Amino acid sequence: MSKVCINIAWPYANGKIHLGHVAGSLLPPDIFSRYNRLTGNEVLMVGGSDQHGTPITVTAEKEHTTPEAVAERYHEINKKAIEDLDIEYSLFNKTHCKTHYEVVQKLFLDLLDRGYLYIKQTDQYYCVDCGRFLPDRYVEGICPTCGAVDVRSDQCDTCGTTLEPGDLKEPHCIQCGNVPDVRQTEHYFLRLSAFRERLLDFIADKDHWRSNVKTFTQNWLNEGLTDRAITRDMTWGVPVPVDGWDGKVIYVWFDAVIGYLSASIEYSKMIGKPDYWKEFWQDPAVKHYYFVGKDNIPFHSIIWPAILMGEGGLNLPYDIPANEYLMFGGGKLSKSRGGAIDVPSVLKKYDADLVRYYLSINMPDTHDSDFSWEDFKIKINNELVSDLGNYYHRCLSFTQKNFGSIPDAAPPEESAEVMEKIGSIFKEYDEHLSKCDFKKALKAVMDLAHFANKYFDQSKPWALLKSDKEACGRVMNTNLRIVKALAVMSWPYMPRSSEKIWEYLAIGGTIEECGYEGMTSPLPRGAAMPEPVPVYKKVEFEDEKEKLNKVPAAEPDIAGPFADFRRLDLRAGTVVSVQDHPDADKLYLLSVDIGEESPRQIVAGLKAYYPRERMLGRKVLVVSNLKPAKLRGIMSSGMLLAADDEDMGGSAVLLLTPSKEVPNGTKFSSGMDSSPSRIEYKDFQRAVLKVSTVRDGTFVAGSRKLESAEGCPPRAVAVIDGDRTVLLSDGNGSVATVDSEIRDGAGVR
RNA sequence: AGCGAGGUAGGGUAGCCAGGAUAUCCCGUCGGGCUCAUAACCCGGAGACCGAUCGUUCAAAUCGAUCCCUCGCUACCA
């Protein structure tokens, strides 16, 4: 029996938690905690809502409310969601709490005393109108390096340059629009660099860490550590506990990680044993685990250990089993991407245990994993319900119906094989779980379920019932012992249903009291069994499936020959104006008339190939239904088709042009039906368009026979699909071509 | 283009770090068994030159090199 401290990454209280959070950092620690409890260890499991920081103040301003209101709202929602998932924290705390403030401030002052913090003057934007310093994301302007517009003041997303206050051209406050001053301000910096050696020592023996965690940390340390500002000019957060520092707070990443400690202390106070936390934080024998997502690794492997080292006398992390991402429909499952599946709505439809099972068996522990409702259904129905659930039910209902109570046990030699199997599965399970290998341990449980079903079949209790009821009872007793073992081993994963099974077994007490120790002990003979009801039901979703799965909207399906090409809407047009892109070397900013009310604005990377005068007035072909995209800050609605023979070893880039004069807006669909619906760039890339000289009705590149070579210029563009080759034309004798030499087979992009 | 991950039977995967004898599991498929059970369970079959090539080795899915392809993030891709 030992103590274990389980620390869980703090979800940010600016939105509802979703399945990505659950699979990534919330469910694993709960499984691990329950596993430890069944092993007989004492667990302290803490975490909570991260409630400070600028994004919450932004939300609050948007909603015309206070940051506290926003933070509290999501704290309550998420706390409830976590409880509904049966994730049992000792305490799910929050950073906006008195104890947390005190602990953060104490650590701050301790580090200050020891010389790990120092003050540095920095420049910061200050808005006179708003009367305050502005956070980085409150100031936008033009990037001095690349000229992109509406760039945030800390970093240009367009060119990646890191910016300092004052760098931005034409800065403005996004709140009031005024031009902010650059004023001197001071901040406390954490002397991270002072911990480098100690941190290297710290990770040196961490061979049990997952390789990505260790490698990532090692790389960070090798690159050298830069001191970081740990205070900000704002009021939403933990105040800096130094006179004259009003209006400044401690920055999130110093604030939030300390939450592990403050939540432990807060919990101790709550249970009336104010020193309880010390048993976990000050006894070096207690292992500390940190369950986080992979984006959170350095905060837990470097910054937090540095803070702990600076404070001294507190346990450092023992392991940081960081998970990868749960992907949904190909995209990262995150709040910002909109593909999120938040916990409250999922739990409205499905039992927590089903969700826990699926996320466990599909956990992104070593790689990103994909979430889909289709897969959810398959795994739940075929594995959980059919194997495990059905086994539970056939055993319990058969015994209950025919015996009404627990029948007498078989003599040891009769059940030896089964008990051995339980033992060997448990060994495997235990090994995996002790290493936080959740997926594999659960697979071991499912293996036992499979073995169990086989045992049931082979021992044929339904036949024995007629021939030898006593023997039947002995077999069922053995079966029920497997049921018991399955329920105990499943409990960390699916607590609620396991407890239900426990009731049906009429053992009394709880699974937690039984523990792994009592898992294989005999059943209470003669105990009356209640009538069982299946604990897992198959999931069915005809409508739901459509709704939930169709987050990535189904596109109108174009099938058949030239499907990829027919998704394009190609139009003839005339370049009516050419300007240099203000912020890019290679890009032109064009207006192209494609027969619409006003010309399209299109950004094109052609500066290197066409001087301005050769662009102006030029007849071109435009992909008109391409999803508009910002190119270095400027919207581009479409793209010009150009041939490029790089793949053929050339270096020419030539704009496509109609062979005969056609009105702007003329459709180039080679006489086929095409779709006007909006497409992505990658959809465009799927269509195969090639340029080649044409001789005797044959497309020289690849010697492909053209289906019609009518009106064909000597060099032309063709659309290729399988073995079919068709000229790209307007269907009326104007064929797409280029006006100078290019290698045959050049692609079009 | 940069970074990250990955390419193993029709689909999805395990194994790869610590190289060895019939390559795992799930779905699907084909055949059989059973009838206690949630049309579930059990057994058996077919189906994979482990992305390609080269190398290291007595031995490579596993180690090294090169290349190809896919996905995600990022981008002066249009």
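Keep in mind the model is a prediction, meaning the values are calculated, not measured. Every heavy atom of this structure was used, including side-chain atoms; hydrogens, water molecules and symmetry mates were not. All chains are named by letter (A, B, ...) in the order of the sequence lines, taking the proteins before the strands, and each is independently numbered beginning at 1.
The CD1 atom of Ile378(A) sits 14 Å away from the P atom of rG11(B) (whole-angstrom rounding). Straight-line distance from the CE atom of Met639(A) to the C1' atom of rC76(B): 15 Å, rounded to whole Å. Atom pair Glu428(A):CD and rG15(B):P shows a separation of 13 Å (rounding to whole Å applied). Taking atom CG of Leu480(A) as the reference point, atom P of rA37(B) lies 15 Å away to the nearest angstrom. If you take NZ of Lys537(A) and P of rA37(B), they are 19 Å apart, rounded to a whole angstrom. Following rounding to the nearest Å, Tyr455(A) (OH) and rC34(B) (P) show an atom-to-atom distance of 20 Å. Distance NZ (Lys294(A)) to P (rG72(B)): 13 Å, rounded to an integer number of Å. Rounded to whole angstrom, the span from the CD1 atom of Ile361(A) across to the P atom of rU13(B) amounts to 14 Å.
Contacts of Lys401(A) with the nucleic acid, taken as non-hydrogen atoms under 4.0 Å apart, involve only primed sugar atoms and P, OP1 or OP2. Heavy atoms of Pro461(A) sit nowhere under 4.0 angstrom from any nucleic acid atom. Among the atoms of the strands shown, none is found under 4.0 Å from any heavy atom of Lys379(A). Among the heavy atoms of the strands lying under 4.0 Å from Asn390(A) is at least one base atom, whether or not backbone atoms are also near.
Look at the C1' atom in both rG47(B) and rU22(B): the space between them is 16 Å, to the nearest Å. Nucleotides rC63(B) and rG19(B) have their C1' atoms positioned 7 Å apart, rounded to a whole Å. Separation of the C1' atoms belonging to rC27(B) and rA40(B) is 16 Å when rounded to the nearest angstrom. For the C1' atom pair drawn from rG72(B) and rC26(B), the interatomic distance equals 25 Å after rounding to whole Å. When the P atom is used for both rU8(B) and rA52(B), the distance is 10 Å, rounded to whole Å. Atom C1' of rU57(B) sits at a distance of 11 Å from the matching atom of rG20(B), rounded to the whole Å.
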Report task. Quick one: the dot-bracket string of RNA chain B, using Watson-Crick and G-U wobble pairs with both distances under 3.5 Å, [ ] for crossing pairs and | for bases paired to another strand. Result -> ((((((((.[[[..)....(....]]].(((((.......))))).....[[[[[..)....]]]]])))))))....
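Both tests hold for Lys469(A) against Phe403(A): distance to the six-membered ring centre under 6.0 Å, angle to the ring axis within 45°.
Picking from rC36(B), rU38(B), rG6(B) the nucleotide with the shortest atom distance to the side chain of Trp462(A) gives rC36(B). Among the nucleotides rC36(B), rU38(B), rU13(B), the one closest to the side chain of Phe456(A) is rC36(B). Of the candidate nucleotides rU38(B), rA37(B), rG6(B), rG6(B) has the atom nearest to the side chain of His367(A). Comparing atom distances between the Tyr536(A) side chain and each of rC36(B), rA14(B), rU38(B) picks out rU38(B) as nearest. Nearest nucleotide to the side chain of Asn453(A), out of rC41(B), rC26(B), rU13(B): rC41(B). Nearest nucleotide to the side chain of Lys454(A), out of rA37(B), rC42(B), rG15(B): rC42(B). When the nucleotides rA40(B), rC26(B), rA14(B) are ranked by their closest atom to the side chain of Ser386(A), rA40(B) comes out on top.
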Report task. Given side chain to side chain contact (heavy atoms under 4.5 Å, CB included), test Leu384(A) with Met494(A) step by step and report yes or no. Result -> CA-CA 11 Å; Leu384(A) 184 64; Met494(A) 297 159 288; 3.6 Å; yes
Requested in this report: In sequence, state the C-alpha distance, the side-chain angles, and the governing distance for Glu503(A) and Lys500(A), and then conclude on salt bridge (Lys or Arg N to Asp or Glu O under 4.0 Å).
Outcome: CA-CA 5 Å; Glu503(A) 285 172 31; Lys500(A) 201 80 205 155; 3.5 Å; yes
Requested in this report: Assess whether salt bridge (Lys or Arg N to Asp or Glu O under 4.0 Å) is satisfied between Asp368(A) and Lys294(A), documenting all intermediate values.
Outcome: CA-CA 10 Å; Asp368(A) 290 349; Lys294(A) 69 175 164 189; 3.2 Å; yes
Requested in this report: Check the pair Arg394(A) / Asn479(A) against side-chain hydrogen bond (donor to acceptor under 3.5 Å, both in side chains), numbers first and verdict last.
Outcome: CA-CA 10 Å; Arg394(A) 69 200 293 214; Asn479(A) 269 304; over 6 Å; no
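A side-chain N or O of Asn664(A) and one of Lys619(A) form a donor-acceptor pair less than 3.5 Å apart.
Aromatic ring centres of Tyr392(A) and Tyr504(A): separated by at least 6.0 Å.
Side-chain atoms of Asn453(A) come within 3.5 Å of backbone atoms of Asp387(A) as a donor-acceptor pair (strictly under, hydrogens ignored).
Applying the 4.0 Å criterion to OP1 and OP2 of rC42(B), one finds that His450(A) has a side-chain N or O inside that range.
Here the closest heavy-atom approach between residue Asp457(A) and residue Trp462(A) is recorded as O-CH2, 3.5 Å.
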